[in-house]
**Student:** 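One structure coming up, written as structure tokens, with questions to follow.
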Amino acid sequence: MRNALGKAAVAASLAIAVGGLVASPAVLAQDMSKGIQVAAAHGGMDKKEETPAQKGKKVADNRSTGNCAACHSFAGAQAPGNAGPPLVAMKARFPNKADLRAQIWDATAKNPKSLMPPFGKHLILTEEEVDQVTEWAYGL
Amino acid sequence: MKKHFITAVAALALAAAGPVFAKVNPQADLKKFQDYFTKKFPKTPKHDFSNGVYSINPEARKEWQAIEEFPPYDPAIDRGKKLWTKPFANGKTLASCFKNGDKLESKAKPGLKQHYPYFDKVSGKVRTLEMDINQCLKDNGEKEMGYVKGAIADVMAYVAFHSRGKKVNVVVPNDPRALAIYEQGKQHFYAKRGQLNFSCADCHMYNGGMLLRADTTSPAFGSAANWPVYRMKWANVRTLHERYQGCNKLVRAQPFGHGSEEYNALEYFHTYMNNGLPITGPSSRK
């Protein structure tokens, strides 16, 4: 008796679930047109997402996150400081991109007396932001 | 037998090692500290270090000299004089609590600020001028002042002004309690702290004179001789511990309290390292 009831309950719930998945054609069409409207408001469906490097530049320029120009000069830096070396020829200086990331994450690993704040280790930046800044810096 | 022998040798070795840290030697530290700066900035006349960034940045110096034609701290000195000489309810004055307090403006010009901070044998603590001013008020049944701005800054400005030219002369006696406080201040100066992981020495010694954005960092040799300061940013005169707080916060470290033992220790070390430099307070800074 119990078994039968159980099977029926399972069957019923399955039917409801599957029924929900299969939307009516009318509903589908409505969703798609709304999607197109949303995309149009943001400059068209072809608008590209910001690249990691572009995001990284914003993180670098922001005084409360990277604030890189406080100590480093680089192309486009506003009134940069000179406590650290200029950021140029980065691909030549860091042939291995992972080394650059590690330097940003914690410069004191290589030089305990480094003035550079440990941006990753001390949670000044999120791991994602460290990735983004690395992409930006690598292109300098 | 062998086991006991090894243990005994180990125990002897530990005992012979004595205290883990090297013997505290302020005089040796002072020479090293000052030599570092005079070598790094060889063109700067020694007395000019009391003028901070203006001794090493010619552009900033021009701006500073223009400001000094109408010094923004002048009103503070005038107010400070009134507070120093105004009689309490009991007839005494602030001046009466201090050695040569009544003679600050005399021809003898004994000065006062150059002796601060000092180690007080009775309490075993370092005392700052702000502390002694408030102690005087308390002892005479008067209301104490704050520690940062307003009345206390005015009095500090008056005392500093009439101590100008006197050479900083902080004494660290050969008393283990004084040496311990000196060492505490020294450690604060050299230890990295805060989320941004900077020590005072990072910006004001190893990279004193460098550019952070468009600001030049001041060398620590000289930065204790010019207080209190009218900072453009504050638009009024404030005392040294306010700046210590600002610096701690800047590197995202927990600041200590105005008049705290930690800042007293730091001020003790910092000012001692400025021994021999002329007092230039009160001063204007950016």
**Student:** What do you reckon, is CG of A:Asn96 surrounded by more than 12 foreign heavy atoms closer than 6.0 Å?
**Tutor:** yes

**Student:** Would you compute the distance between atom CG of A:Leu123 and atom CD of B:Gln195 and round it to the nearest 0.5 angstrom?
**Tutor:** 7.0 Å

**Student:** Walk me through it: do B:Asn197 and A:Lys121 pass the test side chain to side chain contact (heavy atoms under 4.5 Å, CB included)?
**Tutor:** CA-CA 11 Å; B:Asn197 207 46; A:Lys121 186 176 170 208; over 6 Å; no

**Student:** Tell me, yes or no, whether the heavy-atom count around A:Gln78 atom CD, taken from other residues, nucleotides or ligands under 6.0 Å, exceeds 12.
**Tutor:** no

**Student:** Side chain, backbone, both or neither: which part of A:Thr108 has a heavy atom under 4.5 Å from chain B?
**Tutor:** side chain

**Student:** Evaluate the side-chain proximity of B:Arg213 to A:Arg63: yes if any heavy-atom separation is below 4.5 Å, no if none is.
**Tutor:** yes

**Student:** Around atom CD of A:Glu128, are there more than 12 heavy atoms of other residues, nucleotides or ligands at under 6.0 Å?
**Tutor:** no

**Student:** What part of B:Asn207 lies closer than 4.5 angstrom to a heavy atom of chain A: side chain, backbone, both or neither?
**Tutor:** side chain

**Student:** Check the surroundings of atom CD in B:Glu261: do more than 12 heavy atoms from other residues, nucleotides or ligands lie under 6.0 Å from it?
**Tutor:** no

**Student:** At their closest point, which heavy atom of B:Leu211 faces which heavy atom of A:Asn82, and how far apart are they?
**Tutor:** N-OD1, 2.7 Å

**Student:** Does CD belonging to B:Gln254 count more than 12 external heavy atoms closer than 6.0 Å?
**Tutor:** no

